[in-house]
Amino acid sequence: MSFPIQENLHEILSKIPACVKLVAISKTKSPEIIMEAYKAGQRVFGESKAQEMLPKYEALPKDIEWHMVGHLQSNKVKYIAPFVSLIHSVDSLKLLTTINKEAIKNKRLISCLLQIHIAEESTKFGLSYEECCDLLASESFKNMGNIVISGLMGMATFTDDKKQVEQEFMTLKNIFHDIKEKYFLDNDFFKEISMGMSDDYQVGIEQGSTMVRIGSAIFGYR
Ligand SMILES: *Cc1c(COP(=O)(O)O)cnc(C)c1O
């Protein structure tokens with residue numbers, strides 16, 4: 001049985017404001033399935049594994065914008081550096097250093113979001129507020145010529161408690177404004193807050209999300 005991908009997409013698009021970017025999370029989905037969403041007009045797709053993104057990039061139309069949303073290991077950056085549009089999941093200076101090196105090799109600027117740990121679970125990746133400030137204040141970061149920091153990303157706790165999710169997203173929004181003021185006041189690129197997935201994107205949007213990362217509500221359960 002096929003999942004009504006195009007209907008799902010249209011329904012989600014009708015619920016998000018035009019200024020919020022929809023990143024269709026296509027991890028584990030085949031190029032054929034991704035093409036269904038492409039035919040409906042979707043051009044921004046997100047993957048959580050570099051080794052999965054590369055063959056899809058190669059197989060699919062070149063006007064697709066590919067976003068990396070999952071935890072990225074430094075030794076995998078080389079697979080996606082030639083074409084990736086945005087890396088949402090930067091959670092260490094070491095990773096950012098590698099992304100900068102690969103960006104130089106490919107003669108590109110690579111846009112990145114810093115992932116902030118906002119969830120209660122200790123299993124989710126991300127920087128604390130202090131770690132984020134340390135990274136941005138570091139000499140190594142200031143010397144990275146091929147990185148554009150476009151904003152922050154966060155994942156809320158997996159819970160039915162809407163209030164808690166709301167609190168966590170609000171925390172991310174406050175951190176965003178604080179970091180913007182401290183490090184990016186005259187920088188127009190630092191403007192994205194990537195928050196909200198299939199089960200909580202409406203809460204994310206209420207709290208000021210500019211990008212939602214939606215997988216199962218489009219493609220069905222994995
Ligand atoms: C899988 C994934 C998503 C999408 O999750 P859904 O609940 O299927 O919408 C969003 N963000 C990240 C980082 C993911 O790994």
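Whatever order the structure lists ligands and atoms in, that order sets their numbers, starting from 1. Nothing fancy with the numbering, it's 1 onward along the sequence.
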Query raised in the report: Nearest 0.5 Å, what's the CD1-CG distance between I179 and N174?
Result: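 Answer rounded to 0.5 Å: 11.5 Å.
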Query raised in the report: With distance as the sole test, does S216 use its side chain to make a donor-acceptor pair with the main-chain N or O of Y221 at under 3.5 Å?
Result: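 Flag not set: sc S216 to bb Y221 has no pair under 3.5 Å.
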Query raised in the report: Knowing that exactly one of V23, I34, I25 qualifies, which makes a side chain to side chain contact (heavy atoms under 4.5 Å, CB included) with F45?
Result: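 The residue from V23, I34, I25 that satisfies side chain to side chain contact (heavy atoms under 4.5 Å, CB included) with F45 turns out to be I34.
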Query - Matching residue for I110 among I99, N146, L86 - test: side chain to side chain contact (heavy atoms under 4.5 Å, CB included) - result: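 That would be I99; it is the only one of I99, N146, L86 passing the side chain to side chain contact (heavy atoms under 4.5 Å, CB included) with I110.
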Report each N/O pair between ligand 1 and the protein that falls under 3.5 Å, naming both atoms.
| from | atom 1 | to | atom 2 | distance (Å) |
| --- | --- | --- | --- | --- |
| ligand 1 | 8 (O) | S216 | N | 2.8 |
| ligand 1 | 8 (O) | S216 | OG | 2.9 |
| ligand 1 | 8 (O) | R222 | NH1 | 2.9 |
| ligand 1 | 8 (O) | R222 | NH2 | 3.0 |
| ligand 1 | 9 (O) | S198 | N | 3.0 |
| ligand 1 | 9 (O) | S198 | OG | 2.5 |
| ligand 1 | 9 (O) | G215 | N | 2.8 |
| ligand 1 | 11 (N) | R213 | NE | 2.9 |
| ligand 1 | 15 (O) | K27 | NZ | 2.7 |

Query - is_close_aromatic(F190, F176), centroid dist under 6.0 Å - result: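 Ring centres of F176 and F190 closer than 6.0 Å.
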Requested in this report: Would you check if V203 and K162 make a side-chain contact, meaning some heavy-atom pair closer than 4.5 Å?
Outcome: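 Yes. Closest side-chain heavy atoms under 4.5 Å.
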